[in-house]
Amino acid sequence: RLLGHEVLIVDGGSTDGSVPYASALVDRVLMTGIGRGRQMNLGAEEAQHPVLLFLHADSQLPENALTKISKTLDDRARHWGRFDVVLDAKGFMYRVIACMINLRSRVSGVATGDQGIFVRRVSFHEAGSYESIPLMEDIALSKALRKSSWPACLSAKIITSARRWQQQGVVKTILQMWMLRFAY
(Lines give C-alpha, C1' and ligand atoms only; values in the text may rest on other atoms or scores of the structure.)
Protein backbone atom coordinates (compact mmCIF):
# COMPACT_ATOMS: atom_id res chain seq x y z
CA ARG A 1 0.00 0.00 0.00
CA LEU A 2 2.92 2.26 -0.73
CA LEU A 3 1.75 5.83 -1.37
CA GLY A 4 -1.87 4.79 -0.78
CA HIS A 5 -1.94 2.35 -3.69
CA GLU A 6 -2.83 -1.29 -3.48
CA VAL A 7 -1.43 -4.00 -5.76
CA LEU A 8 -3.58 -7.06 -6.38
CA ILE A 9 -2.93 -10.08 -8.53
CA VAL A 10 -5.89 -12.20 -9.55
CA ASP A 11 -4.92 -15.69 -10.63
CA GLY A 12 -7.21 -17.74 -12.83
CA GLY A 13 -5.85 -21.16 -11.89
CA SER A 14 -2.27 -21.03 -13.14
CA THR A 15 0.00 -24.00 -12.45
CA ASP A 16 3.34 -22.39 -13.30
CA GLY A 17 4.38 -21.45 -9.76
CA SER A 18 3.71 -17.75 -10.29
CA VAL A 19 1.34 -17.40 -7.31
CA PRO A 20 3.92 -18.09 -4.57
CA TYR A 21 6.44 -15.88 -6.38
CA ALA A 22 3.95 -13.03 -6.81
CA SER A 23 2.65 -13.23 -3.25
CA ALA A 24 5.83 -11.64 -1.92
CA LEU A 25 5.54 -8.71 -4.34
CA VAL A 26 1.93 -7.61 -3.93
CA ASP A 27 -0.58 -6.67 -1.25
CA ARG A 28 -2.95 -9.54 -2.02
CA VAL A 29 -3.31 -12.50 -4.35
CA LEU A 30 -6.87 -13.45 -5.19
CA MET A 31 -7.96 -16.69 -6.83
CA THR A 32 -10.81 -17.22 -9.27
CA GLY A 33 -11.69 -19.33 -12.28
CA ILE A 34 -10.37 -19.05 -15.80
CA GLY A 35 -11.17 -15.91 -17.78
CA ARG A 36 -9.53 -12.50 -17.84
CA GLY A 37 -12.84 -10.66 -17.54
CA ARG A 38 -13.68 -12.66 -14.43
CA GLN A 39 -10.21 -12.07 -13.00
CA MET A 40 -10.24 -8.32 -13.58
CA ASN A 41 -13.78 -7.92 -12.24
CA LEU A 42 -12.78 -9.70 -9.01
CA GLY A 43 -9.76 -7.44 -8.68
CA ALA A 44 -11.94 -4.36 -9.22
CA GLU A 45 -14.46 -5.61 -6.67
CA GLU A 46 -11.78 -6.22 -4.03
CA ALA A 47 -9.68 -3.10 -4.66
CA GLN A 48 -10.11 -0.20 -2.24
CA HIS A 49 -9.01 2.75 -4.42
CA PRO A 50 -11.31 5.02 -6.47
CA VAL A 51 -9.05 4.53 -9.53
CA LEU A 52 -8.40 1.11 -11.04
CA LEU A 53 -5.42 0.12 -13.19
CA PHE A 54 -5.55 -3.14 -15.13
CA LEU A 55 -2.09 -4.32 -16.11
CA HIS A 56 -1.03 -7.60 -17.67
CA ALA A 57 1.58 -9.56 -15.75
CA ASP A 58 4.03 -9.35 -18.68
CA SER A 59 3.93 -5.56 -18.81
CA GLN A 60 5.97 -2.97 -16.93
CA LEU A 61 4.64 0.49 -16.13
CA PRO A 62 6.59 3.59 -17.17
CA GLU A 63 8.33 5.72 -14.59
CA ASN A 64 5.91 7.88 -12.56
CA ALA A 65 2.93 6.07 -14.09
CA LEU A 66 0.73 6.50 -11.04
CA THR A 67 1.44 10.24 -10.91
CA LYS A 68 0.62 10.50 -14.62
CA ILE A 69 -2.67 8.66 -14.08
CA SER A 70 -3.57 10.88 -11.12
CA LYS A 71 -2.82 14.10 -13.02
CA THR A 72 -4.80 12.86 -16.04
CA LEU A 73 -7.85 12.01 -13.95
CA ASP A 74 -7.67 15.36 -12.11
CA ASP A 75 -9.53 16.56 -15.20
CA ARG A 76 -13.11 15.62 -14.23
CA ALA A 77 -14.02 15.25 -17.92
CA ARG A 78 -11.59 12.32 -18.16
CA HIS A 79 -12.92 8.97 -17.00
CA TRP A 80 -10.30 6.57 -18.27
CA GLY A 81 -7.18 6.12 -20.35
CA ARG A 82 -4.22 4.02 -21.31
CA PHE A 83 -0.49 4.24 -22.05
CA ASP A 84 1.39 3.80 -25.29
CA VAL A 85 3.32 0.55 -25.59
CA VAL A 86 6.78 -0.48 -26.65
CA LEU A 87 7.68 -4.13 -27.19
CA ASP A 88 10.57 -5.70 -25.28
CA ALA A 89 12.33 -6.96 -28.41
CA LYS A 90 14.89 -5.31 -30.61
CA GLY A 91 14.25 -4.83 -34.29
CA PHE A 92 12.56 -2.45 -36.66
CA MET A 93 9.44 -4.60 -37.06
CA TYR A 94 8.71 -4.57 -33.31
CA ARG A 95 8.92 -0.76 -33.28
CA VAL A 96 6.49 -0.65 -36.21
CA ILE A 97 4.06 -3.00 -34.44
CA ALA A 98 4.12 -0.85 -31.29
CA CYS A 99 3.65 2.32 -33.34
CA MET A 100 0.65 0.80 -35.13
CA ILE A 101 -0.91 -0.40 -31.84
CA ASN A 102 -0.60 3.10 -30.41
CA LEU A 103 -1.90 4.79 -33.55
CA ARG A 104 -4.86 2.40 -33.85
CA SER A 105 -5.78 3.10 -30.25
CA ARG A 106 -5.58 6.88 -30.64
CA VAL A 107 -7.73 6.81 -33.78
CA SER A 108 -10.31 4.25 -32.57
CA GLY A 109 -10.48 5.12 -28.88
CA VAL A 110 -10.08 1.42 -28.10
CA ALA A 111 -7.42 0.20 -25.68
CA THR A 112 -6.11 -3.28 -25.02
CA GLY A 113 -4.87 -4.81 -21.80
CA ASP A 114 -1.25 -4.48 -22.91
CA GLN A 115 -1.69 -0.71 -22.72
CA GLY A 116 -2.53 -0.63 -19.00
CA ILE A 117 -6.13 0.53 -18.91
CA PHE A 118 -6.85 2.89 -16.01
CA VAL A 119 -10.34 4.01 -15.09
CA ARG A 120 -12.32 5.67 -12.34
CA ARG A 121 -14.05 2.95 -10.30
CA VAL A 122 -17.44 4.67 -10.78
CA SER A 123 -16.97 4.85 -14.57
CA PHE A 124 -15.87 1.20 -14.67
CA HIS A 125 -19.10 0.09 -13.00
CA GLU A 126 -21.25 2.47 -15.07
CA ALA A 127 -19.73 0.90 -18.21
CA GLY A 128 -20.80 -2.53 -17.00
CA SER A 129 -17.38 -3.84 -15.91
CA TYR A 130 -15.58 -6.45 -18.01
CA GLU A 131 -17.74 -8.85 -19.96
CA SER A 132 -17.25 -12.55 -19.24
CA ILE A 133 -16.22 -13.44 -22.78
CA PRO A 134 -13.23 -15.55 -23.81
CA LEU A 135 -11.51 -12.79 -25.82
CA MET A 136 -11.91 -9.10 -26.56
CA GLU A 137 -13.09 -8.19 -23.05
CA ASP A 138 -10.79 -5.16 -23.11
CA ILE A 139 -12.20 -4.00 -26.43
CA ALA A 140 -15.78 -4.41 -25.17
CA LEU A 141 -14.92 -2.37 -22.06
CA SER A 142 -13.23 0.33 -24.17
CA LYS A 143 -16.29 0.68 -26.37
CA ALA A 144 -18.54 1.00 -23.32
CA LEU A 145 -16.20 3.54 -21.69
CA ARG A 146 -16.00 5.61 -24.89
CA LYS A 147 -19.64 6.55 -24.33
CA SER A 148 -18.62 8.61 -21.28
CA SER A 149 -15.33 9.99 -22.64
CA TRP A 150 -12.60 9.39 -25.16
CA PRO A 151 -9.59 7.72 -23.53
CA ALA A 152 -6.64 9.74 -22.35
CA CYS A 153 -3.83 8.34 -24.51
CA LEU A 154 -0.67 8.87 -22.51
CA SER A 155 2.53 8.88 -24.53
CA ALA A 156 4.54 7.40 -21.64
CA LYS A 157 5.38 3.86 -22.66
CA ILE A 158 4.54 0.56 -21.02
CA ILE A 159 7.08 -2.12 -21.87
CA THR A 160 5.21 -5.24 -22.86
CA SER A 161 6.18 -8.69 -24.01
CA ALA A 162 6.86 -9.42 -27.68
CA ARG A 163 6.62 -13.14 -26.90
CA ARG A 164 3.59 -13.93 -29.10
CA TRP A 165 5.14 -12.21 -32.15
CA GLN A 166 8.44 -13.99 -31.55
CA GLN A 167 6.87 -17.43 -31.04
CA GLN A 168 4.25 -17.35 -33.80
CA GLY A 169 5.92 -14.98 -36.22
CA VAL A 170 5.07 -11.35 -36.87
CA VAL A 171 2.90 -11.79 -39.98
CA LYS A 172 0.96 -14.75 -38.60
CA THR A 173 0.29 -12.97 -35.29
CA ILE A 174 -0.87 -9.76 -36.97
CA LEU A 175 -3.19 -11.68 -39.30
CA GLN A 176 -4.56 -13.70 -36.39
CA MET A 177 -5.27 -10.53 -34.40
CA TRP A 178 -7.02 -8.89 -37.35
CA MET A 179 -9.14 -12.02 -37.93
CA LEU A 180 -10.14 -12.15 -34.25
CA ARG A 181 -11.12 -8.47 -34.22
CA PHE A 182 -13.06 -8.84 -37.45
CA ALA A 183 -14.87 -11.90 -36.07
CA TYR A 184 -15.64 -10.00 -32.88
Side-chain angles (χ1 to χ4, degrees), residues 5 7-22 24-26 29 34-37 39-40 43 52-72 78 80-119 130-131 133-143 145-146 150-184:
H5 303 291
V7 179
L8 306 177
I9 288 184
V10 182
D11 185 82
S14 67
T15 57
D16 61 2
S18 58
V19 171
Y21 174 77
L25 304 172
V26 300
V29 176
I34 296 171
R36 286 191 311 206
Q39 289 172 268
M40 292 183 287
L52 305 171
L53 168 63
F54 299 97
L55 184 68
H56 287 185
D58 63 354
S59 298
Q60 180 182 341
L61 287 170
E63 194 172 313
N64 299 319
L66 302 180
T67 300
K68 292 175 191 308
I69 291 170
S70 181
K71 284 183 180 178
T72 299
R78 293 282 189 190
W80 70 293
R82 58 79 175 159
F83 293 92
D84 279 352
V85 296
V86 63
L87 298 173
D88 68 352
K90 295 193 184 304
F92 176 74
M93 199 61 197
Y94 297 108
R95 290 192 307 274
V96 170
I97 292 167
C99 181
M100 295 309 292
I101 290 169
N102 299 329
L103 178 62
R104 176 210 31 88
S105 181
R106 285 180 191 283
V107 170
S108 69
V110 172
T112 60
D114 289 339
Q115 293 172 299
I117 297 172
F118 57 90
V119 59
Y130 278 100
E131 289 186 31
I133 53 179
L135 291 171
M136 307 296 175
E137 71 287 335
D138 46 1
I139 292 171
L141 178 65
S142 292
K143 288 181 176 183
L145 287 168
R146 267 192 331 206
W150 202 256
C153 298
L154 305 187
S155 59
K157 307 239 182 329
I158 281 183
I159 301 170
T160 196
S161 175
R163 180 183 68 252
R164 65 180 152 208
W165 287 280
Q166 292 170 322
Q167 290 175 346
Q168 298 176 14
V170 170
V171 173
K172 182 178 177 181
T173 303
I174 290 171
L175 290 175
Q176 181 183 46
M177 289 179 170
W178 283 353
M179 287 179 7
L180 288 170
R181 279 189 190 231
F182 181 73
Y184 171 74

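Atoms considered below: every heavy atom in the structure, side chains included; atoms not considered: hydrogens, waters and symmetry mates.
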Mind checking whether Tyr94 and Gln166 have side chains closer than 4.5 Å, heavy atoms only? yes
On a heavy-atom basis, which atom in Gln115 and which in Asn102 lie closest, and how many Å separate them? NE2-OD1, 3.8 Å
What pairs with Phe118 under ring-ring contact (aromatic ring centres under 6.0 Å, His included), at least two apart in sequence or on another chain? Phe83
Does a side-chain heavy-atom distance below 4.5 Å link Leu55 with Ile158? yes
With rounding to the nearest 0.5 angstrom, report the CD1 to CG distance, Ile69 to Leu154. 7.5 Å
How far does NZ of Lys90 sit from CG of Asp88, to the nearest 0.5 angstrom? 10.0 Å
How many angstroms lie between atom OG1 of Thr72 and atom CH2 of Trp80, to the nearest 0.5 angstrom? 13.0 Å
Is a side-chain N or O of Gln60 found less than 3.5 angstrom from the main chain of Ile159, in a donor-acceptor match? no
Residues passing the side-chain hydrogen bond (donor to acceptor under 3.5 Å, both in side chains) test with Ser59, sequence neighbours excluded, are Thr160
Ignoring hydrogens and angles, write down the donor-acceptor pairs under 3.5 Å from the side chains of residues 14-21, residues two or more places apart or on other chains.
unit_1, atom_1, unit_2, atom_2, d
Ser14, OG, Asp11, OD1, 2.5
Ser14, OG, Asp11, OD2, 3.4
Ser14, OG, Ser18, OG, 3.3
Asp16, OD1, Ser18, N, 3.0
Asp16, OD1, Ser18, OG, 2.7

So which atom in Ala162 and which in Ala89 form the shortest heavy-atom distance, rounded to 0.1 Å? CB-CB, 3.7 Å
Test side chain to side chain contact (heavy atoms under 4.5 Å, CB included) on Arg146 and Val110 and set out the steps. CA-CA 8 Å; Arg146 267 192 331 206; Val110 172; 3.5 Å; yes
Inspect the contact between Arg164 and Asp114 and indicate whether a charged nitrogen and a carboxylate oxygen are less than 4.0 angstrom apart. yes
Around atom CG of Leu25, are there more than 12 heavy atoms from other residues, nucleotides or ligands closer than 6.0 Å? yes
So, taking the atom named OG in Ser142 and the one named CH2 in Trp150, what distance separates them when rounded to the nearest 0.5 Å? 10.0 Å
Contact between Ser155 and Arg106 at the side-chain level, heavy atoms closer than 4.5 Å - yes or no? yes
Can you find a pair of side-chain heavy atoms, one from Leu53 and one from Leu61, that are under 4.5 Å apart? yes
Between Asp84 and Arg82, is the closest basic N to carboxylate O distance under 4.0 Å? yes
Atom pair CG/CZ of Leu87 and Arg163 - distance to nearest 0.5 Å: 11.5 Å
Spacing of CE belonging to Met40 relative to CZ belonging to Phe54, to within rounding of 0.5 Å: 7.0 Å
Return yes when atom CE of Met177 has more than 12 non-hydrogen atoms of other residues, nucleotides or ligands closer than 6.0 Å, and no otherwise. yes
In terms of heavy-atom contacts, Pro151 and Gly81 come closest through CB-CA, 4.1 Å
Look at atom CZ of Arg104 and say whether more than 12 heavy atoms of other residues, nucleotides or ligands are closer to it than 6.0 Å. yes
